[in-house]
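Data first, discussion second: the structure below is written as structure tokens.
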Amino acid sequence: MKANDYHVTMDALASLCKRRGFIFQTSEIYGGINGFWDYGPLGVELKRNIKDCWWKSMTQLREDIVGLDSSIIMHPRVWEASGHVGNFKDPMLDCRETKSRYRADQIFVLKHKTDSDALLFAFHEGAPAPAEKKVKKVAKGKAEDYEPVALLDIPLEAYAKLVGPDTNEPGTLTEPRAFNLMFKTFVGPVEESSNVAYLRPETAQGIFAQFGNVCSTVRNKIPFGIAQIGKAFRNEINPRNYTFRSREFEQMELEFFIRPGTDSEWHEYWVAERLKWYEKVGLPEGRMHRDVHEGDALAHYASACTDILFDFPFGTQELEGIAARGNFDLTQHQETSGKKLEYHDEETKERYIPHVIEPSAGVDRIALALLCEAYREEWIPKGKDGGEVLTAEAGVQRAPEGYEARTVLRFAPCIAPYKVAILPLLKNKEPLVEKARGLYEQLSKRWKCFYDQTGAIGRRYRRQDEIGTPLCVTIDFDTIEKDDTVTVRDRDTMEQIRLPIAELENHISNIIDF
RNA sequence: GCGAGCGUAGCUCAGUGGUAGAGCUCCACCUUGCCAAGGUGGUUGUCGAGAGUUCGAAUCUCUUCGCUCGCUCCA
């Protein structure tokens with residue numbers, strides 16, 4: 001997908017998100033801080049709706065999944081067991097001359113087989129040709145006399161003789177430094193190493209660590225799942241693309257425990273289930289993709305992993321990963337903690353550590369995807385029944401003659417921040433206002449509603465379009481003088497129907513409820 | 001993290017050393033009997049932050065923070 005084919009630019013979207021109160025830069029009055037975002041009055045409703053739809057689909061609409069809310073800071077040994085303390089870092093090194101940065105584990109070195117004083121030539125993994133050339137040109141040697149070794153196996157003393165991948169001079173590379181992507185803090189008032197703790201980089205480990213307690217309290221039979229929604233923190237090197245890669249973000253994770261050997265069928269099941277969910281909340285099939293990891297792209301303990309991707313304006317990017325993790329996590333925790341984390345399968349009379357399928361989704365990424373997908377700029381014909389609605393041309397703000405522009409967020413109704421706007425036709429006619437206020441109070445008991453009496457009625461419709469409110473209900477003189485009916489106006493078609501107030505709640509419920 | 005560009009009202013932006021501006025938005029009143037941009041009046045800024053040069057800085061210099069793009073990274 002080319003960026004210029006997309007129906008919205010990130011600039012236009014970010015502008016609307018700020019103007020209407022979806023997303024703000026965090027602590028903006030102090031200049032902001034890279035990788036952290038705040039959700040405004042509309043954004044928080046949007047996110048809540050995403051989480052509610054997920055939570056409902058997991059824990060309410062099925063009886064084999066229960067919820068959990070574990071703490072953000074856990075015992076540091078949780079992260080030893082999970083491998084995050086050991087592996088959750090990428091040693092990096094810089095070239096002082098070219099200012100390039102490399103991942104140490106991806107750099108290899110041509111080393112002379114016998115002469116330990118000879119120069120060493122670094123190269124990118126799998127691409128030794130430039131280094132072989134340098135062997136001939138710079139060292140006047142033969143390629144046969146050299147052998148490739150991993151950079152991490154080269155002693156630091158030898159770095160003075162090491163020629164970087166993009167230079168011909170030795171000694172320009174810094175020593176590799178570990179970049180731990182977990183946020184570190186201290187428990188208790190004293191900052192000493194024995195008090196170190198981490199903000200969780202994922203919510204999943206809280207589920208594994210409480211596996212035993214959950215099993216012994218809810219009497220669940222395999223297969224069953226434990227779901228959790230919560231904040232996670234990763235000290236990303238370079239947050240980019242608006243809220244897409246943030247340092248503080250929210251995850252919705254399910255650990256679905258299964259009998260060993262049934263991994264691939266349950267993995268496929270959850271990929272299909274999750275794709276159905278995305279369609280239900282308003283991400284169309286045409287913009288969704290699967291990325292099936294194979295070979296080296298798979299973690300060593302995983303038997304399958306499929307990413308669910310979405311076409312963003314800045315490229316096709318991951319919303320969710322669905323991994324078949326075997327029994328790696330529970331086994332690790334059992335070994336590290338010394339506590340049994342086995343499941344007694346009464347059907348097969350066996351004890352075993354269950355395998356797990358993990359659908360792990362990012363709430364903020366889904367919110368961003370929904371905003372990108374929902375955003376539309378349209379040119380609509382002036383006057384009644386005037387013909388076809390056009391998609392606005394990118395960058396052209398004024399509509400052509402006979403048309404007028406409208407910006408609309410076409411959220412799925414279950415996702416929209418406000419569900420219904422209640423509008424008196426005129427604000428200076430007391431009976432209209434009184435009736436509208438009463439209806440607003442009535443409907444607010446069931447849905448997030450918006451009351452607006454300011455400006456012309458058409459203008460108020462457009463305001464609701466821009467924040468994605470699916471329905472507008474207008475109170476006019478027929479309502480109060482004649483038959484107690486109201487006008488219900490649809491956001492997407494802009495069509496209006498007349499309904500008795502008595503039928504209103506039922507009508508709204510059919511459209512809105514997840 | 002490196003390089004380049006950019007930070008002025010809620011949004012989009014003009015303003016190259018001399019009293020901070022425009023359009024839209026927003027608010028009030030009027031008008032408005034169903035799809036915005038009629039009328040009148042009004043609010044809003046430490047010109048991203050800090051320091052320096054200068055009689056005087058939005059404007060010049062330095063530092064810093066943030067944003068965008070490219071490289072890098074994305075378990």
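Quick note: numbers below take in every heavy atom, side chains included, and nothing from hydrogens, waters or symmetry partners. Every chain is numbered from 1 and lettered A, B, ... according to where its sequence line falls, protein lines coming before strand lines.
- A:Arg274 forms a cation-pi arrangement with A:Tyr278, by the criterion of a distance under 6.0 Å to the ring centre and an angle within 45° of the ring axis.
- Put simply, A:Arg459 has no side-chain N or O that comes within less than 4.0 Å of OP1 or OP2 on B:rG38.
- Mapping A:Leu426 and A:Gln25 onto RNA chain B via the closest heavy atom, the residue that lands nearer the 5' end is A:Leu426.
- Under the salt bridge (charged side-chain N to carboxylate O under 4.0 Å, His left out) criterion, A:Asp478 pairs with A:Lys482, not counting sequence neighbours.
- Residues passing the salt bridge (charged side-chain N to carboxylate O under 4.0 Å, His left out) test with A:Asp263, sequence neighbours excluded: none.
- As judged by a 4.0 angstrom heavy-atom cut-off over every strand, A:Arg240 is placed among the base-contacting residues.
- By the salt bridge (charged side-chain N to carboxylate O under 4.0 Å, His left out) test, A:Arg498 pairs with A:Asp476, sequence neighbours left out.
- Taking every side-chain heavy atom of A:Asn428 into account, B:rU32 is the closest of B:rC34, B:rU32, B:rC35.
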N/O-N/O pairs, protein side and nucleotides 63-65 of chain B side, under 3.5 Å:
| from | atom 1 | to | atom 2 | distance (Å) |
| --- | --- | --- | --- | --- |
| B:rC65 | O2' | A:Gly31 | O | 3.4 |

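- In this structure A:Lys134 satisfies the salt bridge (charged side-chain N to carboxylate O under 4.0 Å, His left out) test with no other residue, sequence neighbours excluded.
- Residue A:Phe244 is classed as having no contact, given no heavy-atom separation below 4.0 Å to the nucleic acid.
- For RNA chain B, the neighbouring residues in residues 481-496 of chain A, judged by any heavy atom under 4.0 Å, are A:Thr487, A:Arg489, A:Met494, A:Gln496.
- Distances were taken from every side-chain heavy atom of A:Arg498 (C-beta onward) to each of B:rG66, B:rC11, B:rC34; the shortest belongs to B:rC34.
- Partners of A:Tyr461 under the ring-ring contact (aromatic ring centres under 6.0 Å, His included) rule, at least two apart in sequence or in another chain, do not exist in this structure.
- Contact annotation: A:Lys18 does not reach the phosphate of B:rG10 (side-chain N/O to OP1 or OP2, under 4.0 Å).
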Compile the donor-acceptor pairs under 3.5 Å between side chains in residues 437-444 of chain A and protein atoms, sequence neighbours left out, one pair per line.
| from | atom 1 | to | atom 2 | distance (Å) |
| --- | --- | --- | --- | --- |
| A:Gln442 | NE2 | A:Glu505 | OE2 | 2.9 |
| A:Ser444 | OG | A:Tyr440 | O | 2.7 |

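- Residue pairs meeting the side chain to side chain donor-acceptor pair (under 3.5 Å) criterion with at least one member in residues 11-25 of chain A, sequence neighbours excluded: A:Lys18-A:Glu28, A:Arg19-A:Glu466, A:Arg20-A:Glu466.
- Legend: residues meeting side-chain hydrogen bond (donor to acceptor under 3.5 Å, both in side chains) with A:Gln332, ordered by chain and number and at least two apart, are absent.
- The nucleotide whose nearest atom lies closest to any side-chain atom of A:Lys427 is, among B:rC69, B:rU32, B:rC11, B:rU32.
- Residue contacts for A:Ile457: at a heavy-atom cut-off of 4.0 Å it reaches the sugar-phosphate backbone alone, with no base atom in range.
- Whole-Å rounding puts the A:Phe36 CZ to B:rG66 P distance at 10 Å.
- Minimum atom distance to the side chain of A:Arg463 is reached by B:rC26, of the listed B:rG33, B:rC34, B:rC26.
- Nearest-nucleotide mapping onto RNA chain B: of A:Arg365 and A:Arg19, the residue sitting toward the 5' end is A:Arg19.
- A:Phe450 is linked by a ring-ring contact (aromatic ring centres under 6.0 Å, His included) to A:Tyr418, counting only residues two or more places apart in sequence or in another chain.
- The stretch residues 366-375 of chain A has no heavy atom under 4.0 Å from RNA chain B, so no residue of it qualifies as close.
- Between A:Asp329 and A:Phe211, the closest side-chain pair of non-hydrogen atoms is not below 4.5 Å.
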